[in-house]
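Throughout, residue positions are numbered sequentially from 1 according to the sequence presented.
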Amino acid sequence: MKTKIIYPNIAAEMGRCRFTQKELATRLGISNISLHYRLYGKVEWKLEEMIKLSNIFGKDINYLISKI
């Protein structure tokens, strides 16, 4: 069974900005595998990482973590 991304808005913003997981991980200062674990809900996002994501994408944190 394929695991799905739990925060689809983060994935959508990655696509809009044409960021690979590796590129976004580098911008966040984490490893590619760490980003993967966060995207798929295996590891919780840290507040500092969420703030960086918000700044990178220019989007509100609440939007990024919305599951709707």
Side-chain angles (χ1 to χ4, degrees):
M1 180 193 293
K2 189 171 183 172
T3 308
K4 75 180 212 181
I5 291 179
I6 63 165
Y7 297 117
N9 289 339
I10 295 174
E13 292 305 320
M14 285 175 60
R16 286 184 190 101
C17 294
R18 298 183 181 180
F19 288 158
T20 63
Q21 281 190 18
K22 184 176 181 178
E23 184 175 1
L24 183 57
T26 299
R27 288 174 180 256
L28 291 171
I30 61 176
S31 70
N32 190 28
I33 194 72
S34 292
L35 176 59
H36 177 85
Y37 287 159
R38 283 160 177 76
L39 290 173
Y40 288 89
K42 296 178 194 272
V43 174
E44 292 288 323
W45 288 91
K46 295 178 183 175
L47 179 57
E48 306 85 49
E49 295 165 345
M50 293 307 299
I51 292 168
K52 284 182 182 179
L53 272 179
S54 177
N55 290 329
I56 290 167
F57 294 134
K59 303 290 181 181
D60 186 76
I61 292 173
N62 289 323
Y63 161 76
L64 292 173
I65 62 173
S66 173
K67 294 183 181 183
I68 297 174

J.: In the structure I gave you, are the side-chain heavy atoms of Tyr40 and Ile6 within less than 4.5 Å of one another anywhere?
T.: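 Contact flag for Tyr40/Ile6 side chains = no.
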J.: Taking all atoms of both residues into account, what is the closest heavy-atom pair of Asn32 and Gln21, and its distance?
T.: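 In terms of heavy atoms, the two residues are closest at OD1-CB, 3.3 Å.
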J.: Quick one: does any side-chain atom of Arg18 pair with a main-chain N or O of Met14 as donor and acceptor, under 3.5 Å?
T.: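 Not confirmed, Arg18 side chain does not pair with Met14 backbone.
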J.: I'd like to know if Lys52 and Glu48 make a salt bridge, using a cut-off of under 4.0 Å between side-chain N and carboxylate O.
T.: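 Salt bridge absent between Lys52 and Glu48.
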J.: Is Leu28 close to Leu53 at the side-chain level, that is, under 4.5 Å between some pair of heavy atoms?
T.: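 Leu53 vs Leu28: side chains touch.
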J.: Measure from the side-chain N and O atoms of Ser54 to the backbone N and O of Met50, and report whether any donor-acceptor pair falls under 3.5 Å.
T.: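 Such a contact is absent between Ser54 side chain and Met50 backbone.
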J.: Could you see if Ile10 belongs to whatever hydrophobic cluster contains Ile33? Use Ile, Leu, Val, Met, Phe, Trp, Tyr and a side-chain cutoff under 4.5 Å.
T.: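 No, Ile10 and Ile33 fall in different hydrophobic clusters.
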J.: For the residue pair Pro8 and Ser66, what are the closest heavy atoms and their distance?
T.: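 Pro8 and Ser66 have their closest heavy atoms at CD-O, 4.2 Å.
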J.: Assess whether a salt bridge exists between Arg16 and Glu13, defined as any Lys/Arg side-chain N lying under 4.0 Å from an Asp/Glu carboxylate O.
T.: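 Here Arg16 pairs with Glu13 in a salt bridge, since their nearest N and O are under 4.0 Å apart.
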J.: Distance from Ile30 atom CD1 to Leu24 atom CG, nearest 0.5 Å?
T.: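 So the gap between those two atoms works out to 7.0 Å.
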J.: Is there a side-chain contact between Glu44 and Arg38 in this structure, where contact means two heavy atoms from C-beta onward sitting under 4.5 Å apart?
T.: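 Contact flag for Glu44/Arg38 side chains = no.
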J.: Is the OH atom of Tyr37 crowded by more than 12 outside heavy atoms at less than 6.0 Å?
T.: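 Atom OH in Tyr37 is not crowded, with 12 or fewer foreign heavy atoms closer than 6.0 Å.
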J.: Taking Ile65 as the starting point, is it possible to reach Val43 by hopping between hydrophobic residues whose side chains are less than 4.5 Å apart?
T.: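 Unlinked, Val43 and Ile65 end up in two clusters.
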J.: Let me confirm one number: the OG-NZ distance from Ser34 to Lys46, rounded to the nearest 0.5 Å.
T.: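 Rounded to the nearest 0.5 Å, the OG-NZ separation comes to 8.0 Å.
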J.: Please report the closest heavy-atom contact between Trp45 and Leu39, naming both atoms and the distance.
T.: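 That would be CZ2-CD2, 4.1 Å.
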J.: Does some side-chain heavy atom of Phe57 sit less than 4.5 Å from a side-chain heavy atom of Leu64?
T.: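 Of all side-chain heavy-atom pairs linking Phe57 with Leu64, at least one is under 4.5 Å.
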